[in-house]
Amino acid sequence: MASWLMKTEPDVCSFDDIWKAPKRTTGWDGVRNYQARNFMRDQMQVGDEVFIYHSNAEPPGIAGIAQVASSAYPDPTQFDPTDPHYDPDSSRESPRWMQVDVKAVKKLPRFVPLDALRANPKLAGMRLLQRGNRLSITPVTAAEWRAILAMGGV
DNA sequence: GCCAACGTTGGC
DNA sequence: GCCAACGTTGGC
């Protein structure tokens, strides 16, 4: 089983929003980056564990644990001209953008802020923390996963 | 609101 | 295929 970190802006969709959604599950739509799409399409498996990270937040950081709840399927927002993520160059015959479903599993007893992640030497190599990283979906190693769980009080 | 970093686009 | 221009991300 693989582990991942997925960024979301809590003003748009927070961990609590996923928790409160029907079946605690939401479609992870709106990804418009090929590398992130390829992670979902080619590598994610149902049951993979996911940290939900709040970006553009005060403070930014990891709020909870989720799991991948579906394999990848076409993101419907790419076909909707009224949606901000509409992509006129995509087609239903050959969809460009994919999404997975994500199910909330557990809120971390302690929110783990970005500055705490940066301060932990065990996480020095973490993809999220590398200079200039903007990727909204990144792999998490088993050691990183364990270290962050401990920081979050699990 | 600023701006560094990065991905994408499109002219050539 | 190069690369300048542009748009976006996301911490601060």
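Here is the naming used below: chain letters follow the sequence lines, and residue numbers restart at 1 for every chain.
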Give the table of side-chain donor-acceptor pairs shorter than 3.5 Å for residues 116-125 of chain A, with sequence neighbours excluded, one pair per line with atom names and distance.
| residue | atom | partner | partner atom | Å |
| --- | --- | --- | --- | --- |
| A/Arg118 | NH1 | A/Leu129 | O | 3.2 |
| A/Asn120 | OD1 | A/Lys122 | N | 2.9 |

### Task
Just jot down the side chain to side chain donor-acceptor pair (under 3.5 Å) partners of A/Arg146, sequence neighbours excluded, or say none.
none

### Task
Kindly state each residue pair satisfying side chain to side chain donor-acceptor pair (under 3.5 Å) with at least one member in residues 128-144 of chain A, sequence neighbours excluded.
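Qualifying pairs: A/Thr141-A/Glu144.
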
### Query
Is there a donor-acceptor contact under 3.5 Å from the side chain of A/Arg37 to the main chain of A/Arg96?
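The answer is yes, because a donor-acceptor pair under 3.5 Å joins these two groups.
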
### Query
Could you give the start and end, 5' to 3', of the contact zone on DNA chain B for chain A, using atoms under 4.0 Å from its heavy atoms?
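It runs B/dA5 to B/dT8.
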
Considering only residues two or more places apart or on different chains, which pairs with a residue in [range] satisfy ring pair (Phe, Tyr, Trp, His ring centres under 6.0 Å)?
range	result
residues 112-134 of chain A	none
residues 65-115 of chain A	A/Tyr34-A/Trp97
residues 125-149 of chain A	A/Phe51-A/Trp145
residues 115-135 of chain A	none

### All ring pair (Phe, Tyr, Trp, His ring centres under 6.0 Å) counterparts of A/Phe39, not counting sequence neighbours
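Ring pair (Phe, Tyr, Trp, His ring centres under 6.0 Å) check on A/Phe39 returns A/Trp4.
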
### Task
Mind running a 4.0 Å heavy-atom check of residues 111-135 of chain A against DNA chain C and sending the residues that fall below it, in number order?
A/Leu114, A/Arg134

### Task
Give, ordered by number, those residues of residues 82-99 of chain A having at least one heavy-atom distance below 4.0 Å to an atom of DNA chain B; if nothing qualifies, reply none.
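None, since no heavy atom is under 4.0 Å.
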
Side-chain donor/acceptor pairs under 3.5 Å, residues 16-23 of chain A, sequence neighbours excluded:
| residue | atom | partner | partner atom | Å |
| --- | --- | --- | --- | --- |
| A/Asp16 | OD1 | A/Lys107 | NZ | 3.2 |
| A/Asp16 | OD2 | A/Lys107 | NZ | 3.1 |
| A/Asp17 | OD2 | A/Ser14 | N | 2.9 |
| A/Asp17 | OD2 | A/Ser14 | OG | 3.2 |

